[in-house]
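First comes the structure, then the notes that go with it.
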Amino acid sequence: VIEEKITIRDMAEADLPEIMKIELDSFPVPWSEGIFLGQLQRPEITDNRVIIVDGEMCGYIASWFGQGELHILSIAVSPERRRRGYAALLLERSLARGREKGCVKVVLEVRESNVPARGFYEKNGFRIIGRRKGYYRETGEDALILEREIEAG
Ligand SMILES: CC(C)(COP(=O)(O)OP(=O)(O)OC[C@H]1O[C@@H](n2cnc3c(N)ncnc32)[C@H](O)[C@@H]1OP(=O)(O)O)[C@@H](O)C(=O)NCCC(=O)NCCS
């Protein structure tokens, strides 16, 4: 039996060096530390969580809420810790927070070519509701807009 101690808690400024490692390993155009700080400076409209497994920072989710919608801005798990359900745990927590804040649906954009993320969102009940042409400026790639209801808790 493999036992893991999993902790999910609010992101803090002190987490940023470790978060940045995951970020750089996860995205073609990573967020800067300043973007994370901007999120942390708006606790009234954002939800930012980290997942720690056996003392190791393994992933994060950043979202904001308003007008009845939760918007997932970013989610990543360190490459060697993927496909163990950690992103699903982070999503679940953010959805719960959104529900508390009166959100009835969750929306996000994903790169059309991001097969793992699209698989992850499909598995977690999202459907494609639209497309933003050339949304990713550096490559001109389209974003797909995904949505799912947040059911009453
Ligand atoms: C997307 C991401 C956060 C998923 O994290 P994760 O911890 O591996 O996700 P979970 O373990 O909760 O879910 C795994 C499920 O996602 C889907 N999935 C994950 N990787 C996949 C892949 N390479 N191909 C197809 N589906 C995939 C599958 O449905 C998988 O379920 P399975 O393992 O039972 O087949 C992770 O791949 C990641 O950090 N990617 C880089 C950053 C990124 O692209 N973020 C999304 C931006 S919109």
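Please read all numbers here as calculations on a predicted model, not as lab measurements. Ligands are counted one by one from 1 in listed order, and the atoms in each one are counted from 1 as well. This chain uses plain numbering: 1 for the first residue, then up along the sequence.
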Looking at side-chain heavy atoms only, is the closest gap between [X] and [Y] below 4.5 Å?
| X | Y | answer |
| --- | --- | --- |
| Q39 | L73 | yes |
| L108 | F126 | yes |
| D10 | R49 | yes |
| R127 | E149 | yes |
| M11 | L16 | yes |
| Y121 | R148 | no |
| I150 | V104 | no |

Looking only at distances, can you tell me whether any N or O atom of [X], backbone or side chain, sits closer than 3.5 Å to an N or O atom of ligand 1?
| X | result |
| --- | --- |
| A76 | no |
| Y121 | no |
| A117 | no |
| G85 | yes |
| S26 | no |
| R81 | no |

Check: Thinking salt bridges, do K5 and D54 make one under a 4.0 Å N-O criterion?
Finding: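 The answer is no: the pair does not qualify as a salt bridge.
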Minimum distance, heavy atoms only, to [atom]: which one of [options] is it?
| atom | options | result |
| --- | --- | --- |
| atom 5 (O) of ligand 1 | A87, P30, P28, G59 | A87 |
| atom 25 (C) of ligand 1 | V115, I51, L144 | V115 |
| atom 28 (C) of ligand 1 | R84, R83, R118 | R83 |

Check: Can R111 be said to sit on top of Y136's aromatic six-ring, NZ or CZ under 6.0 Å from centre and within 45° of the ring axis?
Finding: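 Flagged: R111 positioned over aromatic ring of Y136.
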Notebook entry, point to check: Minimum heavy-atom separation for G59 to L90, with atom names?
Noted result: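 Of all heavy-atom pairs spanning G59 and L90, the closest is C-CD1, 4.0 Å.
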In the protein, which heavy atom is nearest to [atom], and how far is it?
| atom | answer |
| --- | --- |
| atom 31 (O) of ligand 1 | K123 NZ, 3.1 Å |
| atom 16 (O) of ligand 1 | F120 CA, 3.2 Å |
| atom 12 (O) of ligand 1 | A88 N, 3.0 Å |
| atom 45 (N) of ligand 1 | I75 O, 2.8 Å |
| atom 44 (O) of ligand 1 | N114 ND2, 2.7 Å |
| atom 23 (N) of ligand 1 | P116 CG, 3.5 Å |
| atom 37 (O) of ligand 1 | R82 CD, 3.5 Å |
| atom 43 (C) of ligand 1 | F27 CE2, 3.5 Å |

Next item on the list: Using a strict 4.0 Å cut-off to heavy atoms of G119, name the atoms of ligand 1 that fall inside it.
Entry: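 In order of numbering, the contacting atoms are 17 (C), 26 (N), 29 (O).
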Item checked: Exceeds 12 heavy-atom contacts within 6.0 angstrom, atom CD of E4 ->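 More than 12 within 6.0 Å, yes.
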Notebook entry, point to check: For ligand 1, which part of V77 has a heavy atom less than 4.0 Å away: the side chain, the backbone, both, or neither?
Noted result: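 Both the backbone and the side chain of V77 come within reach of ligand 1.
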Next item on the list: Can you label the angle between the Y60 ring and the W31 ring as parallel, tilted or perpendicular, going by 30° and 60°?
Entry: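 Y60 and W31: tilted rings.
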